[in-house]
K.L.:
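Mind having a look at this structure? Questions to follow.
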Amino acid sequence: EAEVKSCSQDNIELSILRCYAVSRAPAVLPFQVDEASRSEAEIQASQDTDKPFPFVYQDTRLDNRWLDLRVPANKAIMKVQSGVCQLFREALLEEGFTEIHTPKLVAGESEGA
């Protein structure tokens with residue numbers, strides 16, 4: 001049994017009687033990570049076989065960026081970018097620079113505008 005430390009109430013136990021799904025996720029993903037990992041040459045070569053690989057188009061990948069970032073090539077790119085940024089940040093900090101984050105002065109566009 002774990003001790004609750006980050007709550008103003010610590011002697012209460014909840015018993016859930018019902019749970020409702022407000023919004024269900026689709027049962028099928030828009031594409032599989034392994035489908036998006038294949039090269040265009042592999043996909044083209046498979047088109048004449050009895051089991052051709054599906055195309056994962058750019059607009060589908062961009063509409064589902066959360067899934068596309070799990071493709072090994074994209075994940076590797078993100079790791080390299082992160083490493084370069086980290087090295088750059090460390091080099092500037094060693095030189096006495098201060099990292100600042102300025103507020104956005106231009107309002108963002110509202111949804112659907």
Side-chain angles (χ1 to χ4, degrees):
E1 191 171 304
E3 182 183 347
V4 177
K5 296 181 180 180
S6 62
C7 185
S8 60
Q9 301 291 322
D10 61 0
N11 297 331
I12 296 175
E13 185 173 321
L14 297 178
S15 176
I16 297 177
L17 302 176
R18 289 191 182 124
C19 181
Y20 297 96
V22 176
S23 177
R24 294 183 187 269
V28 179
L29 293 173
F31 61 88
Q32 298 296 320
V33 172
D34 63 329
E35 293 171 355
S37 300
R38 293 188 182 99
S39 69
E40 193 168 331
E42 283 181 280
I43 296 170
Q44 288 294 346
S46 76
Q47 297 306 304
D48 297 329
T49 65
D50 60 334
K51 284 197 163 194
F53 295 136
F55 285 97
V56 181
Y57 296 103
Q58 189 71 19
D59 58 338
T60 304
R61 294 173 82 133
L62 292 174
D63 287 343
N64 300 283
R65 193 74 174 136
W66 58 273
L67 185 57
D68 191 44
L69 290 175
R70 286 161 175 77
V71 173
N74 290 339
K75 196 185 295 188
I77 290 168
M78 295 297 159
K79 282 191 157 209
V80 169
Q81 285 179 339
S82 175
V84 168
C85 288
Q86 185 67 28
L87 289 171
F88 195 81
R89 183 176 287 113
E90 288 171 4
L92 289 175
L93 288 173
E94 285 176 9
E95 294 295 322
F97 284 80
T98 301
E99 184 173 347
I100 61 169
H101 300 271
T102 59
K104 291 184 178 182
L105 299 177
V106 179
E109 225 175 283
S110 64
E111 291 289 324

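Positions are given from 1, in the same order as the sequence printed here. The analysis underlying the following values was restricted to heavy atoms, covering all of them including side chains, and did not include hydrogens, waters or symmetry mates.
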K.L.:
Can you tell me how far the CG atom of L92 sits from the CG atom of L87, to the nearest 0.5 Å?
P.N.:
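Here the interatomic distance stands at 11.0 Å.
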K.L.:
To the nearest 0.5 Å, what is the distance between CG (L67) and CD (E35)?
P.N.:
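Output value for this atom pair is 9.5 Å.
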K.L.:
Would you name the heavy atoms of T49 and S46 that are closest together and state the gap between them?
P.N.:
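Heavy-atom minimum between the residues: OG1-O, 2.6 Å.
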K.L.:
So does I43 get a backbone contact from the side chain of Q47, meaning a donor-acceptor N/O pair under 3.5 Å?
P.N.:
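Confirmed, Q47 side chain pairs with I43 backbone.
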K.L.:
Donor-acceptor pair, T60 side chain versus V56 backbone, under 3.5 Å?
P.N.:
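Pair absent, no side-chain N/O of T60 close to backbone of V56.
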K.L.:
Please determine whether residues L29 and V71 belong to a single hydrophobic cluster, defined as Ile, Leu, Val, Met, Phe, Trp and Tyr linked transitively by side-chain heavy-atom distances below 4.5 Å.
P.N.:
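Hydrophobic grouping puts L29 with V71.
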K.L.:
On a heavy-atom basis, which atom in R61 and which in A36 lie closest, and how many Å separate them?
P.N.:
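Where R61 meets A36 most closely, the heavy atoms are NH1-O, 3.3 Å.
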K.L.:
Checking the side chain of Q81 only, and the main-chain atoms of A76 only, is there a donor and an acceptor separated by less than 3.5 Å?
P.N.:
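No, because the side chain of Q81 does not come within donor-acceptor range (under 3.5 Å) of the backbone of A76.
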K.L.:
Roughly how far apart are K75 NZ and S82 OG, rounded to 0.5 Å?
P.N.:
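With rounding to 0.5 Å, NZ (K75) is 13.5 Å from OG (S82).
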K.L.:
Can you check whether F55 reaches R38 side chain to side chain, under 4.5 Å on heavy atoms?
P.N.:
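Sidechains of R38 and F55: no contact.
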K.L.:
Is there a path of hydrophobic side-chain contacts, each under 4.5 Å between heavy atoms, that joins F88 and F97?
P.N.:
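In one cluster with F88: F97, yes.
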K.L.:
If you draw a 6.0 Å radius around CD in E42, do more than 12 non-hydrogen atoms from other residues or ligands fall strictly inside?
P.N.:
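Enclosed.
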K.L.:
Looking at every heavy atom in both R70 and V33, which two are closest together, and how far apart are they?
P.N.:
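That would be O-CG1, 3.6 Å.
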